[in-house]
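What follows is a set of notes on a single structure, which appears directly below.
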There are 2 protein chains.
Amino acid sequence: MKKSGRPVIPRKTIYRLSIYLRCLARLRENSIGTVSSEALAKAAGVKPTQLRKDLAYFGTFGTRGLGYDVNELSLKISDELGTSSLQPVILVGVGNLGLALLSYRGFEKEGFEIIAAFDAEPRRKRDKEIKQPILGMDEMTSFIREHGVKMAILSVPAAAAQVVANRLIESGVMGILNFSPIVLAVPEDVMVNNVNLAIELENLSYFIQS
Amino acid sequence: MKKSGRPVIPRKTIYRLSIYLRCLARLRENSIGTVSSEALAKAAGVKPTQLRKDLAYFGTFGTRGLGYDVNELSLKISDELGTSSLQPVILVGVGNLGLALLSYRGFEKEGFEIIAAFDAEPRRKRDKEIKQPILGMDEMTSFIREHGVKMAILSVPAAAAQVVANRLIESGVMGILNFSPIVLAVPEDVMVNNVNLAIELENLSYFIQS
DNA sequence: AAGCGTTTGTGAAAAACTTCACATGAAGGC
DNA sequence: GCCTTCATGTGAAGTTTTTCACAAACGCTT
Ligand SMILES: NC(=O)c1ccc[n+]([C@@H]2O[C@H](COP(=O)([O-])OP(=O)(O)OC[C@H]3O[C@@H](n4cnc5c(N)ncnc54)[C@H](O)[C@@H]3O)[C@@H](O)[C@H]2O)c1
Ligand SMILES: NC(=O)c1ccc[n+]([C@@H]2O[C@H](COP(=O)([O-])OP(=O)(O)OC[C@H]3O[C@@H](n4cnc5c(N)ncnc54)[C@H](O)[C@@H]3O)[C@@H](O)[C@H]2O)c1
């Protein structure tokens with residue numbers, strides 16, 4: 001482990017922390033002030049021990065015999081995840097999928113905001129529900145630099161994905177949420193999370209036939 | 001390992017098999033007939049040893065000194081994954097996201113077909129691009145039973161997700177691809193794959209700030 | 001203030017997964 | 001037909017992640 005603050009938290013733990021955070025949010029909505037590792041773990045679909053191990057990576061927040069304070073734990077987790085402040089995100093590729101994502105009003109309350117979208121053909125009619133500007137590709141680099149954008153959602157056709165990704169990275173983007181069904185080649189310090197629906201379906205299909 | 005056919009392939013391996021399959025498809029498009037574990041692994045973003053271990057779980061297909069036959073390997077993998085035959089899938093919740101998924105023409109060539117969609121308000125205008133029927137919720141159970149549907153894509157609002165999931169499961173669905181940002185409670189033998197974009201973004205955000 | 005029931009935090013054990021190292025097998029040239 | 005080259009397949013070692021088991025800590029009751 002590293003010496004201070006960051007004991008190298010496993011990737012999977014980080015993923016689960018996000019889940020815990022959402023479960024805690026729902027508890028808070030229901031005005032529940034305290035929760036045991038058992039209850040929270042059940043809500044998150046994991047084992048209580050795992051939840052406690054996950055939390056132990058970055059502190060000890062519980063009260064023995066009682067459980068965790070919902071508000072305090074929420075705060076600590078979102079602090080650790082770095083989502084306490086709103087992150088600006090851009091989207092590239094305003095097609096069927098991109099449009100659905102743009103019009104989704106659920107990201108803001110999770111700490112993200114899609115502040116602009118880019119497309120090769122930005123002449124697209126302004127959808128009534130969409131409030132973000134849709135800009136041309138030639139404006140992308142300067143926009144990214146000016147706004148210090150670090151993350152992008154990539155929903156262009158597969159054939160264009162690598163080229164667009166390269167431009168994003170050149171412009172300073174460090175994290176890409178990639179919807180196109182190809183493996184992007186990127187430098188080590190750039191992070192790509194892939195969302196591939198065909199793979200998810202294939203996966204389901206395999207495990208239900210067993 | 002079990003005695004025949006199914007040596008208990010790790011979950012992560014299954015996931016990677018899907019990725020290999022897609023890389024192989026691209027090689028085939030480029031008329032490449034043979035590939036080494038090194039080349040394929042690079043394309044898939046994994047280590048060559050891992051690729052070979054993954055394949056070893058269900059057979060030995062390579063030729064030493066030469067590599068793998070692209071066609072043969074594709075066939076074996078899709079056989080193992082059970083995607084050699086087209087799987088019928090339904091979608092529930094034809095909103096912004098559901099509509100984008102319905103109009104996507106990329107699933108068929110991956111072995112899946114969304115054969116129908118269901119919504120609480122099916123009176124929705126038939127989009128020109130959508131060829132699937134959009135039916136009411138009262139028709140769902142009988143449709144699932146008649147067509148032997150085993151998988152469903154769930155893109156209803158969070159508040160409705162659990163209720164709809166219950167109905168899907170009662171009707172015989174064994175696998176759910178869940179887009180709503182909640183953890184579904186399901187019986188053991190039902191499999192849920194979650195796609196949670198907020199979590200993916202949060203994850204990116206964490207790892208790029210380190 | 002002591003006892004009781006509950007639940008955390010955590011080393012240690014187990015399981016799962018990845019990487020290493022190299023023997024083995026196949027193809028093609030000489 | 002043998003030898004060289006290349007790349008697979010795999011036992012063993014290494015690493016990471018999960019689970020177990022239980023002592024320690026806290027609140028509440030008496
Ligand atoms: N729609 C879905 O449900 C779905 C499902 C799974 C995966 N995907 C993947 O998501 C991606 C987008 O899918 P879609 O259905 O929205 O496609 P789409 O064709 O509807 O939209 C693609 C958009 O990207 C734009 N574009 C094309 N080339 C570009 C470039 N070089 N630079 C910038 N913009 C460019 C196009 O103008 C278009 O607006 C694809 O890679 C697809 O495989 C989509
Ligand atoms: N749109 C996005 O980009 C996006 C991104 C991330 C997550 N999600 C999640 O995906 C889900 C759908 O999102 P959306 O933006 O498409 O929402 P939406 O409101 O546009 O669509 C929801 C659809 O579900 C239908 N519906 C509502 N209750 C129903 C019920 N009980 N039975 C059947 N159908 C019902 C509605 O009629 C509507 O057509 C939500 O859970 C959302 O949180 C969406």
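These numbers come from the heavy atoms of this one structure, side chains and all, not from hydrogens, waters or symmetry mates. In what follows, chains carry the letters A, B, and so on, assigned in the order in which the sequence lines appear, proteins first and then strands, with residues in each chain numbered from 1.
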Worksheet item: Nearest-Å distance, CG (Leu51(A)) to P (dT19(D))?
Response: 12 Å
Practice prompt. Would you mind reading off the distance between Lys12(A) atom NZ and dT16(D) atom C1', rounded to a whole angstrom?
Written response: 10 Å
Discussion item. Heavy atoms only, 4.0 Å cut-off, all strands: where does Lys53(B) land among base, sugar-phosphate and nothing?
Written reply: base
Response to the item:
When rounded to whole Å, the CG to C1' distance for the pair Asp54(B) and dT19(C) reads 12 Å
Worksheet item: Is any side-chain nitrogen or oxygen of Lys47(B) closer than 4.0 Å to OP1 or OP2 of dT19(C)?
Response: yes
Worksheet, complete the sentence: Taken to the nearest whole Å, OH/Tyr57(B) to P/dT10(D) is 12 Å
Discussion item. Around atom CD of Gln162(A), are there more than 12 heavy atoms from other residues, nucleotides or ligands closer than 6.0 Å?
Written reply: yes
Worksheet item: Considering residues, nucleotides and ligands other than Glu38(A), do more than 12 of their heavy atoms fall under 6.0 Å from its CD?
Response: no
Discussion item. If I compare all heavy atoms of Pro187(B) with all of Ile169(B), which pair ends up nearest, and what's the gap?
Written reply: CD-CD1, 4.0 Å
Item to complete: Measure across Ala165(A) and Leu154(A) and return the closest heavy-atom pair with its distance rounded to 0.1 Å.
Response: CB-CD2, 4.2 Å
Worksheet item: Arg11(B) CZ to dA15(C) C1': how many Å, rounded?
Response: 16 Å
Worksheet item: Is atom CZ of Arg167(A) surrounded by more than 12 heavy atoms (other residues, nucleotides or ligands) closer than 6.0 Å?
Response: yes
Discussion item. Less than 4.0 angstrom from a charged side-chain N to a carboxylate O is my criterion; do Lys109(A) and Glu29(A) meet it?
Written reply: no
Worksheet item: Can you tell me how far P of dT10(C) sits from CD of Gln50(A), to the nearest Å?
Response: 16 Å
Give each protein N/O atom lying under 3.5 Å from an N/O atom of nucleotides 5-9 of chain C, with the pair distance.
{"unit_1": "dT7(C)", "atom_1": "O4'", "unit_2": "Gly65(A)", "atom_2": "N", "d": "2.9"}
{"unit_1": "dT7(C)", "atom_1": "O2", "unit_2": "Gly65(A)", "atom_2": "N", "d": "3.4"}
{"unit_1": "dT8(C)", "atom_1": "OP1", "unit_2": "Ser37(A)", "atom_2": "N", "d": "2.4"}
{"unit_1": "dT8(C)", "atom_1": "OP1", "unit_2": "Ser37(A)", "atom_2": "OG", "d": "3.4"}
{"unit_1": "dT8(C)", "atom_1": "OP2", "unit_2": "Ser37(A)", "atom_2": "OG", "d": "2.6"}
{"unit_1": "dT8(C)", "atom_1": "O2", "unit_2": "Arg64(A)", "atom_2": "NH1", "d": "3.3"}
{"unit_1": "dG9(C)", "atom_1": "OP1", "unit_2": "Phe61(A)", "atom_2": "N", "d": "3.2"}
{"unit_1": "dG9(C)", "atom_1": "OP1", "unit_2": "Gly62(A)", "atom_2": "N", "d": "2.9"}
{"unit_1": "dG9(C)", "atom_1": "OP2", "unit_2": "Tyr68(A)", "atom_2": "OH", "d": "2.8"}
{"unit_1": "dG9(C)", "atom_1": "O4'", "unit_2": "Arg64(A)", "atom_2": "NH2", "d": "2.9"}
{"unit_1": "dG9(C)", "atom_1": "N7", "unit_2": "Arg52(A)", "atom_2": "NE", "d": "2.7"}
{"unit_1": "dG9(C)", "atom_1": "O6", "unit_2": "Arg52(A)", "atom_2": "NH2", "d": "2.8"}

Worksheet item: How would you label the contact of Arg16(B) with the nucleic acid (heavy atoms, under 4.0 Å): base, sugar-phosphate, or nothing?
Response: sugar-phosphate
Worksheet item: Within this structure, what is the OH-to-C1' distance between Tyr15(B) and dT18(C), rounded to whole angstrom?
Response: 19 Å
